[in-house]
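After the structure tokens below, expect a handful of questions from me.
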Amino acid sequence: MTRLEPLPADRWDETVRDALRSLLPAERANPRDAGNVLAALVRHPALTRAYLPFNAYLLTGSTLSPRDREIALLRAVLKSDCDYLWSHHLPIAERAGLTAEEIATIRSGQPARESDAAVVHAADELVDSRTISAAVWDELSRHFTEEQRMDLVFTIGGYCLLAMAVNTFGVQKETT
């Protein structure tokens, strides 16, 4: 059920475009190119302006590799039952180097690579119990720096937050 429709094109003004500036270049700050999540979020420009720099950091400034970021967020949005974000990030995950087989192991929770498994276990624990056990933290420390582990926690949490918003607002997949 859609609770927040994307903001209609005739209501996109400079305030709305400014709210998107930290994540989207000016030429993409429009209803078609922004996508349904951002087009729904801009119904509250001040919230969008505050939230997007954090999300932009997770996507482009984090110390995690794009591959590790996508593993973490895919598992988080899967555990959050957010089909929209799962589908939206599949092509991004593929561009980050994940194969279809590796994505299937993220879905099943059984990645073959040790570092991938550590990320999946961290996401599972954070979603299920809101913390990471000592054993999983130790496993993460074998593969990731302290800053990367911090970014991992915030990536998982940040995408759980976004998944909650997308699910609650009833954001629908874009039609092509």
Query raised in the report: Quick one: are His143 and Glu114 in side-chain contact, heavy atoms under 4.5 Å?
Result: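 Counting from C-beta outward, His143 and Glu114 do come under 4.5 Å.
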**Report entry** Considering all heavy atoms, the nearest Pro6-Arg43 contact
**Finding:**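 Here Pro6 and Arg43 meet closest at O-NH2, 3.7 Å.
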**Report entry** Flag if over 12 foreign heavy atoms under 6.0 Å of OH, Tyr57
**Finding:**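 Enclosed: over 12 neighbouring heavy atoms sit under 6.0 Å from OH of Tyr57.
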Requested in this report: From the options Leu41, Leu161, Val37, Leu4, select the one residue that forms a side chain to side chain contact (heavy atoms under 4.5 Å, CB included) with Val166.
Outcome: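 Between Val166 and the candidates, side chain to side chain contact (heavy atoms under 4.5 Å, CB included) is satisfied uniquely by Val37.
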**Report entry** Check: Thr2 and Phe169 side chains under 4.5 Å, non-hydrogen atoms
**Finding:**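 Heavy-atom side-chain distance check fails, nothing below 4.5 Å.
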Query raised in the report: Would a distance-only check, ignoring hydrogens and angles, find a side-chain to backbone donor-acceptor pair under 3.5 Å from His121 to Ala117?
Result: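 Looks like yes, one N/O pair under 3.5 Å.
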Report task. Measure across Ala118 and Val136 and return the closest heavy-atom pair with its distance rounded to 0.1 Å. Result ->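 Scanning both residues completely, I find the closest heavy atoms to be O-CG1, 4.1 Å.
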Requested in this report: Would you check if Pro111 and Ile71 make a side-chain contact, meaning some heavy-atom pair closer than 4.5 Å?
Outcome: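 No. Closest side-chain heavy atoms not under 4.5 Å.
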Requested in this report: Report the C-alpha separation of Leu52 and Leu20 in whole Å, then their side-chain angles, then the decisive distance to 0.1 Å, and conclude whether the side-chain contact (heavy atoms from CB on, under 4.5 Å) test is met.
Outcome: CA-CA 7 Å; Leu52 285 186; Leu20 296 170; 3.7 Å; yes
Query raised in the report: Counting distance only, does the side-chain N/O of Trp12 pair as donor-acceptor with the main-chain N or O of Pro31 below 3.5 Å?
Result: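 Side chain of Trp12 to backbone of Pro31: no pair is present.
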**Report entry** Residues Met164, Ser80; criterion side-chain contact (heavy atoms from CB on, under 4.5 Å); working and verdict
**Finding:** CA-CA 7 Å; Met164 286 188 282; Ser80 299; 5.9 Å; no
Requested in this report: Please say whether more than 12 non-hydrogen atoms of neighbouring residues, nucleotides or ligands are located less than 6.0 Å from CD in Glu146.
Outcome: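 For Glu146, atom CD is not crowded (no more than 12 foreign heavy atoms under 6.0 Å).
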Query raised in the report: What residues form a salt bridge (Lys or Arg N to Asp or Glu O under 4.0 Å) with Glu14, not counting sequence neighbours?
Result: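 Partners of Glu14 by the salt bridge (Lys or Arg N to Asp or Glu O under 4.0 Å) criterion, ordered by chain and then number, come out as Arg17, Arg21.
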Requested in this report: Quick one: do Leu152 and Ile156 satisfy side-chain contact (heavy atoms from CB on, under 4.5 Å)? Show the steps, please.
Outcome: CA-CA 6 Å; Leu152 179 67; Ile156 294 164; 3.9 Å; yes
Requested in this report: Nearest 0.5 Å please: distance from the CG atom of Leu23 over to the CG atom of Leu59.
Outcome: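 Going from the CG atom of Leu23 to the CG atom of Leu59 covers 6.5 Å.
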Query raised in the report: Is it true that a side-chain atom of Gln148 and a backbone atom of Thr145 form a donor plus acceptor pair closer than 3.5 Å?
Result: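 Present.
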Query raised in the report: Looking only at heavy atoms, what is the nearest atom pair of Leu58 and Gly158, with distance?
Result: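 Looking at all heavy atoms of both residues, the shortest contact is CD1-CA, 4.1 Å.
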Requested in this report: Keeping to residues at least two apart or across chains, list the salt bridge (charged side-chain N to carboxylate O under 4.0 Å, His left out) pairs with something in residues 119-133.
Outcome: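 Residue pairs with at least one partner in residues 119-133: Arg75-Asp124, Lys79-Asp128.
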Query - Atom pair CG/SG of Leu74 and Cys82 - distance to nearest 0.5 Å - result: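 Going from the CG atom of Leu74 to the SG atom of Cys82 covers 11.0 Å.
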Query raised in the report: Is there a side-chain contact between Arg149 and Ser141 (heavy atoms, below 4.5 Å)?
Result: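 Result yes, sub-4.5 Å side-chain heavy-atom pair found.
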Query raised in the report: Is there side-chain contact between Leu162 and Asn55, with at least one heavy-atom pair below 4.5 Å?
Result: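 A side-chain contact under 4.5 Å exists here.
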**Report entry** Donor-acceptor under 3.5 Å (Asn36 side chain, Gln172 main chain)
**Finding:**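 Pair found, side chain donor or acceptor close to backbone of Gln172.
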Requested in this report: Could you walk me through whether Asp83 and Asn167 pass side-chain contact (heavy atoms from CB on, under 4.5 Å), step by step?
Outcome: CA-CA 9 Å; Asp83 292 336; Asn167 288 343; over 6 Å; no
Query - Pairs meeting criterion salt bridge (charged side-chain N to carboxylate O under 4.0 Å, His left out) with involvement of residues 1-12, two or more places apart - result: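 Listed once each, the pairs would be none.
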Requested in this report: Answer whether the closest heavy-atom distance between the side chains of Leu64 and Phe154 falls below 4.5 Å.
Outcome: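 Contact flag for Leu64/Phe154 side chains = no.
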Query raised in the report: Does Trp86 belong to the same Ile/Leu/Val/Met/Phe/Trp/Tyr cluster as Ile92, with side-chain heavy atoms less than 4.5 Å apart forming each link?
Result: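 No, no single cluster joins them.
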Query raised in the report: Could you give the distance from CD (Glu139) to OG (Ser133), rounded to the nearest 0.5 Å?
Result: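 The distance works out to 10.5 Å.
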Query raised in the report: Heavy atoms, side chains only, cut-off 4.5 Å: are Leu78 and Ile106 in contact?
Result: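 The answer is no; the side chains never approach within 4.5 Å.
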Report task. For Arg32, enumerate each residue passing the side-chain contact (heavy atoms from CB on, under 4.5 Å) test, keeping only those at least two apart in sequence or located in another chain. Result ->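 Partners of Arg32 by the side-chain contact (heavy atoms from CB on, under 4.5 Å) criterion, ordered by chain and then number, come out as Asn30.
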Query - Non-neighbouring partners of Ala19 that pass side-chain contact (heavy atoms from CB on, under 4.5 Å), sequence neighbours left out - result: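 In terms of side-chain contact (heavy atoms from CB on, under 4.5 Å), with neighbours along the sequence ignored, Ala19 is linked to Pro45, Thr48, Arg49.
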Requested in this report: Specify the closest pair of heavy atoms between Leu140 and Val119, including all atoms of both residues, with the distance to one decimal.
Outcome: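 That closest heavy-atom pairing would be CD2-N, 4.1 Å.
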Query raised in the report: Within a strict 4.5 Å, meaning less than it, do heavy atoms of the Val77 and His89 side chains meet?
Result: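 No, every pair of side-chain atoms sits at 4.5 Å or beyond.
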Query - Aromatic ring pairing Phe54/Tyr51, orientation class (parallel under 30°, perpendicular over 60°, tilted between) - result: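 Perpendicular: the ring planes of Phe54 and Tyr51 meet at over 60°.
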Query - Contacts of Ser65 that satisfy side-chain contact (heavy atoms from CB on, under 4.5 Å) - sequence neighbours left out - result: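 Residues passing side-chain contact (heavy atoms from CB on, under 4.5 Å) with Ser65: Arg67, Asp68.
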